[in-house]
Q: 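The structure's right below; bear with me while I get my questions together.
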Amino acid sequence: MNTCYGLTGGIGSGKSTVAKLLEELGARVVDTDEISHRLTAANGLALPAIQQAFGDTYLDKDGALDRAKMRALVFSDMDAKQRLQAILHPLILKQAKSDARSPTEAPYTLVVVPLLFESARYRDWLNGVIVVDCPAEQQVARTLQRSALDESMVRAIMAQQMDRASRLQHADEVILNDGSLEQLKGRVAELHKRLAER
Ligand code: ATP
């Protein structure tokens, strides 16, 4: 079976950027955010269960999940969050495993999971976990740059995620993303070489 590494990190740390760079170097990438989007698009596999649990209120006119509306709900309603996760997480996990285990010519597969350490269902079948790390203030600045969230929301999300020190403790590999994109590219290339040679 091909080797599968998890890739995780806090909000805005640079997971997508690192995944894209590794993909360009030859890794196969399985992205659980993308899987979640597919599952909740119109006719997605998760929609019947979401509709049953939440009614039509959270579907848009095309029948896809209204992500902004649902995000606002689960941000303030813990029970709704748990019900949504109970529907989505098992489906995402199943799809990610099946995608990651399908044959590939790539030297390894990277499975991108934002809350990898928080969910416990990934560690047992992954061959190691790479953490993308940067100081908290850079997380905030980068997230504000590219999303509609305001600073207090970003900090609230960060407070719900595992703290930086614990994440680093659980890492098998760390990519420090505290400098320029050029610096990051160099570090990613070194990591790719090591992973591909294993
Ligand atoms: P999220 O958890 O929100 O999905 P993420 O961890 O996937 O975020 P990215 O989307 O890769 O993070 O990066 C967040 C933003 O910061 C993006 O706009 C990205 O282009 C930018 N960015 C990432 N790393 C750097 C860097 N080293 N220098 C400058 N900009 C960067």
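Note that these values count all heavy atoms, side chains included, but never hydrogens, waters or copies made by symmetry. Counting starts at 1 for both ligands and their atoms, in listed order.
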Q: Between the side chains of Gln51 and Asp56, does any donor sit under 3.5 Å from an acceptor?
A: yes
Q: With no hydrogens and no angle check, do the side chains of Asp163 and Ser166 hold a donor and an acceptor under 3.5 Å apart?
A: yes
Q: Evaluate the ring planes of His170 and Phe117, with Trp represented by its six-membered ring, and classify them as parallel (under 30°), tilted (30 to 60°) or perpendicular (over 60°).
A: tilted
Q: Who's touching ligand 1 if we go heavy atoms under 4.0 Å?
A: Gly10, Ile11, Gly12, Ser13, Gly14, Lys15, Ser16, Thr17, Arg142, Arg146, Asn177, Gly179, Ser180, Leu181
Q: Is Asp178 paired with Arg187 through a side-chain N to carboxylate O contact shorter than 4.0 Å?
A: yes
Q: Is it the case that the side chains of Arg167 and Ser13 hold a donor-acceptor pair, with the cut-off being a distance below 3.5 Å and no angle test?
A: no
Q: If we ignore angles and hydrogens, is there a donor and acceptor under 3.5 Å between the side chains of Asn2 and Thr104?
A: no
